[in-house]
Amino acid sequence: MVLRFAPSPTGPLHIGGVRTALYNYLLARQQGGRFILRIEDTDQTRFVPGAEAYIIQSLSWCGITFDEGPHVGGPNGPYRQSERKDIYAQYAHQLVEQGWAYYAFDTEEELEEMRQRFEAAGMVSPQYNSITRTYMKNSLTLPLQEVQERLRTQPYVIRFLMPRGREVRFYDEIRGWVSFHTKELDDKVLLKSDGMPTYHLANVVDDHLMGITHVVRGEEWLPSTPLHVLLYEGFGWEMPKFAHLPLILRPDGGGKLSKRDGDRLGFPVFPLWWQDPSSGEVSLGYRERGFLPEGLVNYLALLGWHPSGEQEVFTMEELIAAFDLSRVSKAGARFDYEKARWINQQHLRRRSVADLVPQVRVLWEARELPPISDTQLEALIQLARERASTLPEIVDAVRFFYAPPTHPLPETLSAKLHSPVLALLPTFLLELEQVSEHTEPIVETTLKGWARTHSLPLGKVLLTLRLLLTGEESGPSLYAILVLLGAAEVRRRLQIALPVYGVSQRL
Ligand code: GLU
């Protein structure tokens with residue numbers, strides 16, 4: 001089994017592209033096959049600098065690796081179509097010789113004139129096809145001598161000669177039998193006047209030369225497949241198997257998920273940070289939003305593929321074992337950011353705390369928070385990760401640690417402070433300072449014992465103390481908060497807070 005991912009470097013890789021690469025990768029690894037990266041950069045007008053490096057970097061972050069490609073080499077190179085230019089012309093001319101293609105000499109103005117003429121005659125979006133070609137300047141309509149003269153002196157393109165009156169049928173591994181009639185298809189350009197191939201020619205020639213056995217790609221390429229099938233026929237080559245993946249739909253309403261939807265609804269559509277080289281606009285990716293690569297990969301795997309059992313959380317190894325093209329749906333897959341977050345949370349919980357320390361430290365330092373030891377950071381991560389779906393949410397969840405509240409609290413919160421607790425808190429502080437060891441169980445026993453001694457309802461004690469120390473009504477366990485802050489910091493915060501609420505006793 002030989003598979004390929006064949007992106008065009010026309011911009012940053014969208015998560016839909018990551019999913020296509022992922023499905024190909026899973027199949028290749030599952031079947032012990034090979035996986036090739038091929039850069040389809042024949043359309044020089046759409047080339048974006050940095051896009052190829054971005055694609056490689058993004059996939060590598062996701063853990064998607066290639067056996068062959070421009071970055072790793074291999075026996076089927078070069079892997080950039082722009083470096084294979086000479087290969088394609090020869091195949092295009094072969095098709096002309098065999099009667100599957102022809103030369104066309106029409107200028108842009110002539111093409112435009114044809115469109116206008118046929119539109120005026122009532123044709124909807126006229127194309128260069130089996131009807132219109134007979135009115136144009138090409139090797140089918142011009143005398144042989146003139147053709148030869150023009151070939152020597154003029155720019156020309158090679159067009160595919162779409163046969164008349166044929167039904168083209170092919171089997172799609174996801175959709176079953178698909179059929180198109182050639183009257184719906186036009187005479188696509190195969191070789192451009194600058195000698196560069198178009199996508200169709202280069203794609204088919206390379207899939208053949210690279211020995212691709214399975215073409216797994218997005219649904220948007222389905223309408224191009226009948227042309228590809230005919231090209232295989234024209235060349236007399238064996239066809240690969242085809243599978244067209246469902247579109248990724250926007251979360252609200254129909255239509256393909258675009259960057260605009262992500263901006264509008266507040267989620268990334270790129271794996272990594274990207275700066276548009278022409279506008280300078282910066283888009284954050286899943287990595288910057290605090291996703292783990294395995295979280296994103298797991299979510300994308302489920303976007304269109306339905307595992308046979310109940311399991312939803314998969315490592316890459318598990319995905320490789322479980323993935324199955326026959327369980328990929330035909331219908332578009334609706335993007336669900338909340339689900340992506342949930343899946344990421346499951347992976348956050350699976351990581352060891354020590355493993356997360358360096359990543360959280362980067363965020364900690366980026367926010368210029370006070371210096372913190374690895375042990376403290378580990379304790380904070382342990383505490384916060386049950387509540388966090390992404391890495392920055394871990395830092396948000398321990399705000400209490402680095403951002404003491406300002407007193408008085410807003411009226412809605414200060415109304416919840418219990419006066420008897422406020423009045424007696426100085427005595428708790430003394431007890432806290434005397435405990436032998438600052439561990440959660442010991443601090444818990446101390447606080448509960450103190451509340452009992454003074455007949456204070458525990459719920460009110462916990463809420464009052466939490467509000468004074470953190471300014472928030474809910475959050476991680478208060479006992480853990482007391483341990484993490486330490487008695488000295490608890491004293492400092494109470495010294496500031498209590499007088500604000502009228503407790504004048506000196507601490
Ligand atoms: N270059 C095409 C793209 O950018 C590849 C389509 C295919 O896989 O055949 O998506």
Side-chain angles (χ1 to χ4, degrees), residues 1-28 33-48 50-56 58-59 64 66 68-70 76 78-85 87-88 160 170 172-175 178 188-190 192 196-232 235 237 239-248 256-259 269-271 300 304 325 328:
M1 207 175 193
V2 184
L3 295 108
R4 62 10 171 224
F5 179 54
S8 301
T10 53
L13 187 62
H14 183 280
I15 47 170
V18 179
R19 186 195 60 173
T20 301
L22 174 66
Y23 285 13
N24 276 283
Y25 170 83
L26 295 177
L27 287 169
R34 271 185 306 125
F35 187 32
I36 300 178
L37 175 65
R38 184 174 73 224
I39 301 294
E40 301 208 324
D41 57 350
T42 55
D43 188 350
Q44 298 291 333
T45 57
R46 297 182 60 214
F47 180 81
V48 172
E52 177 186 319
Y54 180 90
I55 291 167
I56 293 172
S58 300
L59 295 176
I64 298 173
F66 293 91
E68 299 176 32
N76 294 294
Y79 295 94
R80 280 184 205 102
Q81 289 184 329
S82 58
E83 294 166 15
R84 301 168 66 81
K85 191 176 160 187
I87 301 177
Y88 309 113
F160 186 72
F170 56 90
D172 183 282
E173 302 294 312
I174 296 168
R175 279 144 226 278
V178 180
K188 284 265 181 294
V189 171
L190 301 177
K192 294 184 274 189
M196 272 291 201
T198 56
Y199 156 73
H200 304 288
L201 177 68
N203 187 269
V204 166
V205 166
D206 285 347
D207 280 349
H208 171 71
L209 295 180
M210 294 179 177
I212 303 302
T213 59
H214 291 70
V215 168
V216 179
R217 61 185 171 196
E219 184 182 311
E220 63 274 28
W221 302 103
L222 192 64
S224 300
T225 310
L227 169 60
H228 299 179
V229 169
L230 290 170
L231 282 169
Y232 282 103
F235 284 123
W237 293 337
M239 249 181 11
K241 288 191 155 68
F242 290 104
H244 289 90
L245 305 176
L247 289 180
I248 298 181
K256 199 171 152 183
L257 177 72
S258 71
K259 175 173 162 345
V269 296
F270 302 136
L300 291 180
L325 261 192
V328 173

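As the structure lists them, so they are numbered: ligands from 1, and atoms in each ligand from 1. This structure is a prediction, so every number in the text was calculated from the model and none was measured.
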Item checked: salt bridge (charged side-chain N to carboxylate O under 4.0 Å, His left out) partners of Arg19, counting only residues at least two apart -> none
Note to self: Less than 3.5 Å apart, any donor N or O on the side chain of Glu68 or Tyr79 sitting next to an acceptor on the other?
What the structure shows: yes
Next item on the list: Classify the ring geometry between Phe270 and Tyr54 as parallel (under 30°), tilted (30 to 60°) or perpendicular (over 60°).
Entry: perpendicular
Checklist line | Which residues share a side-chain hydrogen bond (donor to acceptor under 3.5 Å, both in side chains) with Lys241, sequence neighbours left out | finding: none
Notebook entry, point to check: If you count only heavy atoms, which residues are under 4.0 Å from ligand 1?
Noted result: Arg4, Ala6, Pro7, Ser8, Glu40, Tyr199, Asn203, Arg217, Trp221
Checklist line | Output field: ring centroids Phe160/His228 closer than 6.0 Å | finding: no
Checklist line | Set of ring-ring contact (aromatic ring centres under 6.0 Å, His included) partners for His244, sequence neighbours left out | finding: none
